[in-house]
Amino acid sequence: MNVLSELRRRFRISLEALEADAGEAAELVLPSKDPRFGDYQANCAMPLGKRLGLPPREVALRLVEQLSVEELCEAPEIAGPGFINLRIKDEWLLGQLERMVADVQQLGIDPSEQPKTFVLDYSSPNVAKPMHVGHIRSTVIGDALCKVLRQLGHRVISDNHIGDWGTQFGMIIYGYKHFVDEEALEANAVDELSRLYKLVNRLVEYHATREQKIPGVEQQIVELAGRLEQMDDATELENPKDRKRAEKRLRQSENQLTELRATLDELRNQVAAAENDRELGPLLCEHAEIGAAVLAETAALHAGDKTNQALWDRFLPACLASIDEIYDRLGVTFDHTLGESFYHDQLEKVVEELAQRGLVKESDGAMCVFLEDFEAPFIIRKQDGAFLYATSDLATIRYRMGEWAPDAIIYVVDHRQSLHFQQLFETARLWGYDHVQLEHVSFGTVLGEDGKPYKTRSGTAVGLSGLLDEAVVRALRIVGENDDAREQPLLSTEQRQENAERIGIGAIKYADLAHNRTSDYVFSYDKMLAMNGNTAAYMQYSYARVRSIFEKGEVDVDALRNSGASILLTKPEERALAMALLQFSEALERVATDFRPNHLTAYLFELASIYSGFFENCPVLKAEDDKLRNSRLLLCDLTARTLARGLKLLGIEVVERM
RNA sequence: GCGCCCGUAGCUCAGCUGGAUAGAGCAACGGACUUCUAAUCCGUAGGUCGGAGGUUCGAAUCCUCCCGGGCGUGCCA
């Protein structure tokens, strides 16, 4: 039962009697932050007073007169300028909790009154490239949203829109044709393909750096230095405001110049390193045109070249197996994996259809959709005739609408692509898909401890597989040290390993989910594996601590649930816990409303803290009598189940002992 | 140039569509294990919410300007 929804429903009725804008005003019923103000508070009397020309307290009084909440709340209190404070009746609270006790499957969470169909697009790695730290957020957030929405009774179709038709395959094909070790390919296709990809990528990078990037940066430095010389005069401007602005620009340009010079040094070092590399060096000259050659292999694949198509058919399964290995480890699954290649033969038609609607204009040889409010056009076909991801994204929308008729399509993709999605959504609307909710659920960058995007020391992206390994290794060390420190260790070697896997992977996921997704966050093993604070390890420990009571007391949980024992609220800590347990579904609803899993982590952390208060103050096994003992056991059971379910919805496993 | 995002305690971050005294964790200091897991808990200290205006009964939250930072910006994804 979602208490907040229920209260709002009732307020809506009483608001309508006052001829107010009931829907909007009812949204001002909120959970109270301070227990002194009850469990919930309605803040709508103040704005309404203004609109109705009445004193807010008078409005509050009338609202309360109309309000029908007798069985649910104590008599509402009006406080301050016109706050209406509501305290849930213990009796009603207990009724709800007993429902939760009995409802093993759903924990008393009612399905949404208006179930919707969502298509969830997340993870979307490029196959043939090892997954790296940049994929973690999309995968983890998307998976959590998927699970939460389903828990709330929505129909969710998860679709992994993998990049399986791009340049990276051109690289592998080129690599195969020049460098393959057939024996290695037979023995372990993924490793060999990965080797080929990396080798070709490094060769391409070398030439691109030497022939394009370095001259580009040099040019920028020359231009900027030239502009800087001219700027010096500007500092003598008389108008203080102009002068200040000029000084600022000067400062910024100087910083920029320093940065550019550093970049140039770095690029030159990279080139030198490649030339001195024993493996790479000898190949550099021979493969001078590799950049163009890779594009040609890609183009040949797209054009239906038999050899390349055969290679694609041969390589793809191994590539998929490689990313599936990571998904297995993360416990992430998808209903569909329809990548770019799936839409390949639909792209021409998409451009035609848009053209028929008069949406397409040719510009500099490219097919463009020009949109109001956007400077740059949305390009759907390049000069050379090739299609872009804009085109395949449009084809994907059409397919999804035809196949699943969703109410919403949600893209869990990093914030740097927001412009692309704005243009994509606008184009889709003009195309006729104007009733579907298209949502870019964006997220920030994972940063290293230096505050810059998380990279290895050599500047490459951190591999996801190694990231998970490291977390598990560290978790194992912590688990071992702590268990060894006990007089009587609790865990076998196997249990320690199993725990480390759950704690390590859970730590990474939880750290990601606990941050507001729109902001960047600093990746730190020490913080995410800490036993204090809002971490997976703390939540898992809280869970294990609750469970140990049942073990210690040799309590049969099923029997307890079916015993008909009732819950008693004899201390404030018991009531606070009861209230928190009941509010689980509100937390889930908040997650679903704005697609922010951190509302759920915040709730779980709050619940664990409140449970701590209960644990300190309310003896369970040594309660005064059996009735109280059983009551507290039921509260413990509900806490354990809520923690486990909440973590499960975040894709995190609990451990029974730690 | 234009567009989007960010700036909250020494550090890392919460703060839900504007609500009552801005919260956690870490670090600091002081307490609690013959008592259900001390991998824990409790307490103390720490803030001009980047700055200045404005809207409002009420602003960290909304608007304007300024300062500082990130990202994006016509043929990559």
Side-chain angles (χ1 to χ4, degrees), chain A residues 24 27-28 30-34 36-37 41 43 46-47 49-50 56 79-83 85 124 126 163 166-168 244 248 340 363-368 373-384 386 388-390 392-393 413-420 422 442 444-445 449 451-453 478-479 481-483 485-486 490 514-516 518-522 524 526-527 530-535 537-538 540-542 544-553 586-587 589-590 593-594 596 598-599 601-602 605-606 609 612-613 615-616 618-623 632 636 657-658:
Chain A
E24 199 180 314
E27 295 299 299
L28 292 174
L30 298 164
S32 298
K33 281 176 187 160
D34 190 323
R36 283 188 299 130
F37 305 135
Q41 58 182 16
N43 302 335
M46 285 80 82
K50 194 85 175 177
F83 295 105
N85 294 334
S124 321
N126 280 321
T167 313
Q168 75 279 16
K244 213 172 166 192
K248 181 189 158 184
E340 288 168 349
S363 172
D364 293 340
M367 306 295 249
C368 302
D373 304 325
F374 292 96
E375 268 183 43
F378 197 49
I379 299 175
I380 56 177
R381 185 163 206 171
K382 299 200 283 184
Q383 275 179 332
D384 64 7
L388 298 100
Y389 80 134
S392 75
D393 276 358
V413 179
D414 82 276
H415 70 103
R416 285 172 300 191
Q417 294 192 38
S418 65
L419 179 61
H420 165 73
Q422 283 174 34
S442 70
T445 311
E449 311 241 16
K452 293 186 183 148
I478 295 169
V479 168
E481 280 170 8
N482 285 316
D483 203 36
R486 289 192 168 99
L490 286 172
H515 287 89
N516 183 332
T518 57
S519 40
D520 297 346
Y521 80 93
V522 175
S524 157
D526 289 337
K527 288 211 169 84
M531 277 309 305
N532 274 336
N534 194 8
T535 66
Y538 175 77
Q540 287 162 326
Y541 177 72
S542 300
R545 221 158 54 132
V546 185
R547 295 291 301 152
S548 77
I549 292 177
F550 288 87
E551 196 181 341
K552 190 103 176 184
E586 287 173 30
E589 200 57 56
R590 279 198 294 276
T593 303
D594 51 9
R596 287 179 200 270
N598 68 308
H599 290 310
T601 61
F605 183 52
E606 175 82 12
S609 308
S612 275
F615 182 81
E616 295 288 322
C618 306
V620 179
L621 296 175
K622 291 175 184 165
R632 288 179 178 168
C636 287
R657 288 171 156 196
M658 76 184 267

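Note that the coordinates shown come from a computational prediction; the quantities given were computed from them, not determined experimentally. Naming convention: chains lettered A, B, ... in sequence-line order (proteins, then strands); numbering from 1 in each chain. Heavy atoms only: backbone and side chains are in, while hydrogens, waters and symmetry mates are out.
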Gap in Å between the two C1' atoms, one belonging to B:C41 and one to B:G47, rounded: 26 Å
B:C6 to B:G53 separation - P atoms, rounded to the nearest Å: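 Per the computed distance, 23 Å lies between those P atoms.
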Ring centroids of A:Y541 and B:A39 base under 5.5 Å with planes under 30°: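 So A:Y541 does not count as stacking on the base.
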Stacked pair A:F83-B:A20, distance under 5.5 Å, angle under 30°: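 Whether judged by distance or by angle, A:F83 passes, so it stacks on the base of B:A20.
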A:T445 side chain near A:H415 side chain, heavy-atom distance below 4.5 Å: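 A:T445 reaches A:H415 side chain to side chain.
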Whether over 12 other heavy atoms sit under 6.0 Å from A:E27 CD: yes
NA contact type, [X], heavy-atom cut-off 4.0 Å: base, sugar-phosphate, or nothing?
X: A:F615; value: base
X: A:D594; value: nothing
X: A:S519; value: sugar-phosphate
X: A:C636; value: nothing
X: A:A602; value: nothing
X: A:N482; value: base
X: A:P56; value: nothing
X: A:M658; value: base
X: A:L28; value: nothing
X: A:R590; value: base

Syn/anti state for B:C33 [syn: chi within 90° of 0]: syn
Between the base of [N] and the side chain of [X], is one N or O donor paired with an acceptor at under 3.5 angstrom?
X: A:S363; N: B:G74; result: yes
X: A:N85; N: B:A20; result: yes
X: A:E340; N: B:A77; result: no
X: A:E375; N: B:G1; result: yes
X: A:R545; N: B:U40; result: no

Closest heavy-atom pair and its distance - A:P47, A:L28: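 In terms of heavy atoms, the two residues are closest at CG-CD1, 3.8 Å.
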Rounded distance [0.5 Å steps], OG in A:S542 versus CE in A:M531: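 A:S542 atom OG to A:M531 atom CE measures 7.5 Å (nearest 0.5 Å).
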Distance, nearest 0.5 Å, that separates NE2 of A:H599 from CG of A:D594: 4.0 Å
Rounding to a whole Å, what distance do you find between [X]:[atom1] and [N]:[atom2]?
X: A:D526; N: B:A27; atom1: CG; atom2: C1'; value: 13 Å
X: A:D520; N: B:A14; atom1: CG; atom2: P; value: 10 Å
X: A:F378; N: B:U73; atom1: CZ; atom2: C1'; value: 14 Å
X: A:N43; N: B:G18; atom1: CG; atom2: P; value: 11 Å
X: A:E606; N: B:A24; atom1: CD; atom2: P; value: 9 Å

Canonical and wobble pairing (Watson-Crick, G-U, under 3.5 Å) of RNA chain B, dot-bracket with |: (((((((..((((.....[...)))).(((((.......))))).....(((((..]....))))))))))))....
